[in-house]
Amino acid sequence: DIQMTQSPSSLSASVGDRVTITCRASQSISSYLNWYQQKPGKAPKLLIYGTSSLQSGVPSRFSGSGSGTDFTLTISSLQPEDFATYYCQQSYSTLTFGQGTRLEIK
Amino acid sequence: EVQLVESGGGLVQPGGSLRLSCAASGFTFSSYSINWVRQAPGKGLEWVSYISTSSSTIYYADSVKGRFTISRDNAKNSLYLQMNSLRAEDTAVYYCARDRSSSWQLDYWGQGTLVTVSS
């Protein structure tokens, strides 16, 4: 199985900050990388698929980049509704998720 | 509006069985692959199983292989997960999630159903 490792595991930031979350795959997954946002008590929500394509309805302050084994999710200017847990997920083979990054208010 | 609604969760003893259902609406169910994903309390997401549109392709995580069985009924717009020989470590919220384009991109999720395995 392909292992996905996110960093950091948790992050404190303020509204308006630019935030970057990193995801590393245990082997090359080309561009088969997706990002999800999950708020407490809610189901995950697809934000970005195929490394950099924004899911319909997702604000443009979210962006993704990378290829091979290293990927990033960037939020350009944090909004109050962005405080949540973020997961990366590889779709190169039977899917696996990263362990999550909890984004908290500073 | 795309909707996925899970049901069938509850408290079951170790070694017991449970059958989860996922009712789909708002889209052509037979045209989409579907996955089950679970989340243990306070933990991250774990993929459980995948079924293709016609049920011809099925995959399971190693942690549930041989104990869980995924199935679907396209005529009833429904997905199922038969869970046997349940263990404490199967305790989790179970989500069904639509596969965006048979590409392991999960674009719609249900609200989840909680399975608790405990004596």
Side-chain angles (χ1 to χ4, degrees), chain A residues 1-11 21 23-25 29-58 62 64 71 73 84-104, chain B residues 1-7 9 20 22-24 26-27 32-52 57-65 68 70 79 92-114:
Chain A
D1 289 358
I2 299 174
Q3 307 303 315
M4 307 301 294
T5 303
Q6 289 180 232
S7 59
S9 296
S10 64
L11 174 61
I21 298 170
C23 179
R24 174 165 288 177
I29 57 171
S30 185
S31 297
Y32 295 96
L33 192 283
N34 311 305
W35 290 96
Y36 299 83
Q37 176 193 68
Q38 186 180 33
K39 296 181 179 180
K42 300 295 186 181
K45 171 187 172 183
L46 179 64
L47 293 178
I48 289 173
Y49 60 92
T51 296
S52 58
S53 296
L54 220 54
Q55 174 70 352
S56 176
V58 174
F62 291 91
F71 302 86
L73 171 69
T85 299
Y86 293 85
Y87 294 92
C88 64
Q89 172 243 318
Q90 63 82 14
S91 49
Y92 182 82
S93 64
T94 50
L95 64 92
T96 48
F97 293 93
Q99 81 280 14
T101 295
R102 185 175 178 183
L103 179 53
E104 301 174 318
Chain B
E1 179 192 5
V2 172
Q3 279 199 316
L4 296 165
V5 179
E6 302 92 339
S7 60
L20 304 184
C22 172
F27 66 101
Y32 289 86
S33 302
I34 309 287
N35 294 263
W36 286 101
V37 176
R38 68 185 181 183
Q39 186 170 35
K43 302 297 184 182
L45 301 170
E46 180 189 15
W47 171 76
V48 173
S49 185
Y50 163 97
I51 188 167
S52 63
T57 301
I58 287 174
Y59 299 114
Y60 298 99
D62 287 344
S63 57
V64 306
K65 201 172 295 182
F68 289 12
I70 191 172
L79 172 77
V93 174
Y94 284 74
Y95 297 101
C96 58
R98 191 181 83 166
D99 195 315
R100 185 178 161 274
S101 55
S102 293
S103 56
W104 307 104
Q105 298 163 353
L106 309 184
D107 63 348
Y108 285 94
W109 299 59
Q111 85 289 351
T113 188
L114 176 62

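Predicted model only: the values in this text are computed from it and were never measured. All heavy atoms count here, side chains included; hydrogens, waters and symmetry mates do not.
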pair A/Pro44-B/Tyr95: side-chain heavy atoms closer than 4.5 Å = yes
A/Gln89 side, atom CD; B/Gln105 side, atom CD - distance, nearest 0.5 Å | 8.0 Å
One option among A/Gly41, A/Ser93, A/Gly50 has the most heavy-atom pairs under 4.5 Å with chain B, and it is A/Ser93
What residues form a salt bridge (charged side-chain N to carboxylate O under 4.0 Å, His left out) with B/Asp99, not counting sequence neighbours?
-> none
Nearest heavy atoms of A/Ser91 and B/Ser103, plus distance in Å | CB-O, 3.2 Å
State the OH-CG distance between A/Tyr36 and B/Leu106, to the nearest 0.5 angstrom.
-> 3.5 Å
Reported CD-to-OH distance for the pair B/Gln39 and A/Tyr87, which is rounded to 0.5 angstrom | 4.5 Å
Under 4.5 Å heavy-atom distance to chain B, tell me which part of A/Tyr32 shows up: side chain, backbone, both or neither.
-> neither
Got more than 12 heavy atoms from elsewhere within 6.0 Å of OH, A/Tyr92?
-> no
Per-residue contact mode, B/Tyr50 against chain A (heavy atom under 4.5 angstrom) | neither
Using a cut-off of under 4.5 Å on heavy-atom pairs, state which of A/Thr94, A/Leu47, A/Asp1, A/Thr96 scores highest against chain B.
-> A/Thr94
When rounded to the nearest 0.5 angstrom, what distance separates NZ in A/Lys42 from CH2 in B/Trp109?
-> 15.5 Å
Reported OG-to-CZ distance for the pair A/Ser53 and B/Arg100, which is rounded to 0.5 angstrom | 7.5 Å
Okay, B/Val37 and chain A: the region with an atom under 4.5 Å from a heavy atom over there is side chain
